[in-house]
A.B. asks: 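Here you go, one structure.
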Amino acid sequence: MAKKKTDKVRPQVLKGFRDYPPPEQIARETMIGNVRSAVELMGFLPLQTASLELAETLLGSHYTDDNLAELFGFVGPDDVNMALRYELTVSLARYVAANPNLALPFRRYQYGNVWRVDKPGPGRYREFMQFDIDIVGTSNILADAEIIAAMVAVFDGLGINNYKVKYSSRKIMNGLIKFAGIDDNKAADVMRVVDKLNKQGKDAVIAELGAGRTDRSGDKIKGVGLTDSQIAEIEKFLDSVSGSGNSLETAESLLGSVQVSVEGINDLKAIESHLSSMNIDKNKTEIDLTIVRGLAYYTGPVFETVLLDLPEFGSVFSGGRYDNLVSRFVGKQIPGTGASIGVDRLLAALIELKALKLEQSVSKVLVTVMDPERLPDYLKMLHQLREAGIPSEIFVGDSKNITKQVKYADKVGIPFVLIVGSNEFEAGQVTIKNLKAGKEKAKETSEREEWLKAEEIQVTISADKMLEYLKGELG
RNA sequence: GCUGGGGUAGUUCAGUUGGUUAGAACGCCUGGUUGUGGACCAGGAGGUCGGCAGUUCGAGUCUGCCCCCCAGUACCA
């Protein structure tokens, strides 16, 4: 370095990474707890897998430069080529393949961070959390119905009411692609483009299936290059099944001669019937044949969700059946089906819906240290509070001055402050100050003395009534 | 990756045709107030003007390259 500019390091997070401040993290963990309860009630088992995997595990036969660029990969100790996982499903497949004694079907849930070298966007980071539920080792369509039932249970468990779990089957669209005479190697592209229907609209999809289009910023997007008649076939299908009426019947009349499509239709009928037997509210699920999902590996039923009050959030919980994933590791096919929650997107939605409120602090009471000589007494009170199950802390800062201590409580959002000085000790009393009430009172008065000691914001009561009083106030 | 818009205190921003010591508001810190968070009063800290190079007597301001942020879009195994 030519000249020493500064010896201080910039407190910067990496591009695409972020910190979760306590209020957000508290809410996140509450939410995750609720999701866990919901899926454990349905028999899903927790699994945790390694964050780092062999590069070849993650990429397999898709080991191309393009994919490599999306991985946080590096050469680690012992010259091993490794990378951070970019999703949880591949690790599940590896785990299942590595444990031949595992009881199948295996229903597991897993939540954890995944990493992708993506361009960060709104609500989009290079490190983010997914919460997955999957059932591996069965091709029985009942498993797909269970996944949908779990999705419903999760939303209900989170206190979200106005939502819809939509499902369809890849097989129907696969049949349509065959029926329209579209080359097999374009099938994945067609799915990818049709998947944009909700977000970009029909015109954009049709343009992109053909010659391509130009987006709002003026950027050119390459098309799939289908012929006009092929596009017309797809358009006709999408139009007919998105109208009102029974879309399965419509699909049957259009594609009744295509075997794959008929299989898909029958799968959906079976799922519908299972859900009905499970007493799943009919308003909470819906067959929507325009749903295809963008990813290439889905082979059967696919699931998506929409929060009806926040459609702009997109699908916060989605997935589908994948029958070939595990075959990469073992010779035989092990089919699976599952769905994944974008944890932070769902959290943002919950906050937006006010189904979860942000808490600043976990402590409910701050025990101030008014007289350092009486510290043992303060610690005794602290112990009492904690024994009684009231989350509490004692002021551990250097300052002895009470102003600082109350200010601290205010700043970190602790609602009650316990003040016990010589007056209280002599009378066998404690003073409990309610900071939230104080905030309200501050709007009424600018008189300092009146505000500080107003009855509504603080009480001085007998020390043995302390717990009872606080329990009452904290509900 | 592509297209467009940006980068001046912690935050939001102002900064004249290039001109001396780069400002405001809010926030933060200290004190008034070691028995009380707000309000109020007094004081204070905080900036390599995103980076590097160039033009110029002189650059926050002009030029080039790079970096980063924001928005849209593509890819997402």
Side-chain angles (χ1 to χ4, degrees), chain A residues 2-6 8 10-16 55 57-71 83 85-87 89-90 93 114 116-124 126 188-189 192-193 195-196 199-200 204 208 212-223 293-298 322 324-325 328 366 368-372 395 399-425 431-454 457-458 460:
Chain A
K3 58 178 173 180
K4 197 177 180 188
K5 286 166 180 169
T6 174
K8 293 199 173 100
R10 252 175 213 229
Q12 218 178 9
V13 283
L14 284 166
K15 174 180 175 176
T57 296
L58 297 175
L59 293 160
S61 55
H62 307 279
Y63 212 128
T64 69
D65 287 349
D66 229 24
N67 298 334
L68 207 62
E70 300 245 347
L71 275 182
R85 62 188 179 204
Y86 59 83
E87 50 136 69
T89 316
V90 172
V114 299
R116 295 181 192 178
V117 187
D118 266 340
K119 195 207 79 168
R124 190 166 168 165
R126 290 181 160 187
D189 288 329
R192 183 170 50 74
V193 173
D195 183 52
K196 300 179 186 184
K199 205 173 165 196
Q200 303 294 345
E208 203 169 330
R213 65 187 172 97
T214 306
D215 76 14
R216 260 188 288 170
S217 66
D219 194 17
K220 288 207 164 44
I221 295 165
K222 218 181 132 206
R293 305 290 303 149
L295 299 191
Y297 61 66
Y298 292 122
Y322 47 90
N324 302 314
L325 215 54
R328 258 177 46 204
L366 175 75
T368 56
V369 179
M370 182 84 92
D371 176 4
F395 186 76
S399 172
K400 50 299 169 203
N401 132 10
I402 188 74
T403 303
K404 287 266 167 55
Q405 303 189 34
V406 178
K407 246 182 187 164
Y408 165 81
D410 183 47
K411 219 168 169 179
V412 302
I414 301 174
F416 290 93
V417 175
L418 192 65
I419 300 170
V420 190
S422 51
N423 297 344
E424 285 87 352
F425 276 121
T431 293
I432 299 169
K433 189 175 180 68
N434 181 335
L435 296 192
K436 275 182 185 160
K439 269 218 162 65
E440 290 306 305
K441 183 74 180 173
K443 291 171 190 160
E444 292 171 27
T445 179
S446 57
E447 203 59 48
R448 185 172 175 75
E449 279 309 307
E450 184 190 337
W451 176 67
L452 286 179
K453 303 265 168 83
I457 35 177
Q458 73 178 51
T460 300

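The sequence lines fix the lettering, A, B, ..., with proteins before strands; numbering per chain opens at 1.
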A.B. asks: Going by number, which of residues 401-409 of chain A have a non-hydrogen atom under 4.0 Å from RNA chain B?
C.D. replies: N401(A), I402(A), T403(A), K404(A), V406(A), K407(A)

A.B. asks: Just call it for T431(A): base, sugar-phosphate, or nothing, with non-hydrogen atoms closer than 4.0 Å on any strand.
C.D. replies: base

A.B. asks: Roughly how many Å apart are G6(B) and A74(B), using the C1' atom of each and rounding to a whole number?
C.D. replies: 22 Å

A.B. asks: Sticking with atom C1', work out how far A59(B) lies from U48(B), rounded to a whole angstrom.
C.D. replies: 15 Å

A.B. asks: I457(A) near the nucleic acid: base, sugar-phosphate alone, or nothing, with a heavy-atom cut-off under 4.0 Å?
C.D. replies: base

A.B. asks: What nucleotide, of C28(B), U36(B), G37(B), holds the atom closest to the side chain of Q458(A)?
C.D. replies: U36(B)

A.B. asks: Using the C1' atom in both, what is the distance from G58(B) to C70(B), to the nearest Å?
C.D. replies: 34 Å

A.B. asks: Taking only residues two or more places apart in sequence, or in another chain, which ones meet R116(A) in a salt bridge (Lys or Arg N to Asp or Glu O under 4.0 Å)?
C.D. replies: none

A.B. asks: If we take the P atom in both G37(B) and C69(B), what is their distance in whole Å?
C.D. replies: 41 Å

A.B. asks: Listed by chain and number, what are the ring pair (Phe, Tyr, Trp, His ring centres under 6.0 Å) partners of F425(A), not counting sequence neighbours?
C.D. replies: Y378(A)

A.B. asks: With a 3.5 Å cut-off and just heavy-atom distances, do the side chain of E424(A) and the base of G35(B) make a donor-acceptor pair?
C.D. replies: yes

A.B. asks: Which whole number of Å gives the distance between the C1' atom of C76(B) and that of U56(B)?
C.D. replies: 50 Å

A.B. asks: Output the rounded distance in Å from CE (M370(A)) to P (U34(B)).
C.D. replies: 12 Å

A.B. asks: Show me, range against range, the stems involving RNA chain B, built from at least 3 consecutive Watson-Crick or G-U pairs below 3.5 Å.
C.D. replies: B:1-7 with B:67-73, B:10-13 with B:23-26, B:28-32 with B:40-44, B:50-54 with B:62-66

A.B. asks: If you restrict it to nitrogen or oxygen atoms, what contacts under 3.5 Å exist between nucleotides 39-41 of chain B and the protein, and what is each distance?
C.D. replies:
{"residue": "A39(B)", "atom": "N6", "partner": "R448(A)", "partner atom": "NH1", "Å": "3.0"}

A.B. asks: Nearest-Å distance, CD (E87(A)) to P (A77(B))?
C.D. replies: 8 Å

A.B. asks: Which side-chain N or O atoms in residues 432-440 of chain A pair as donor and acceptor under 3.5 Å with protein atoms at least two apart or in another chain?
C.D. replies:
{"residue": "K433(A)", "atom": "NZ", "partner": "L452(A)", "partner atom": "O", "Å": "3.2"}
{"residue": "K433(A)", "atom": "NZ", "partner": "Q458(A)", "partner atom": "OE1", "Å": "3.3"}
{"residue": "N434(A)", "atom": "OD1", "partner": "K436(A)", "partner atom": "N", "Å": "3.1"}
{"residue": "N434(A)", "atom": "OD1", "partner": "A437(A)", "partner atom": "N", "Å": "3.0"}
{"residue": "K439(A)", "atom": "NZ", "partner": "D410(A)", "partner atom": "OD1", "Å": "2.9"}
{"residue": "E440(A)", "atom": "OE2", "partner": "K443(A)", "partner atom": "NZ", "Å": "3.3"}

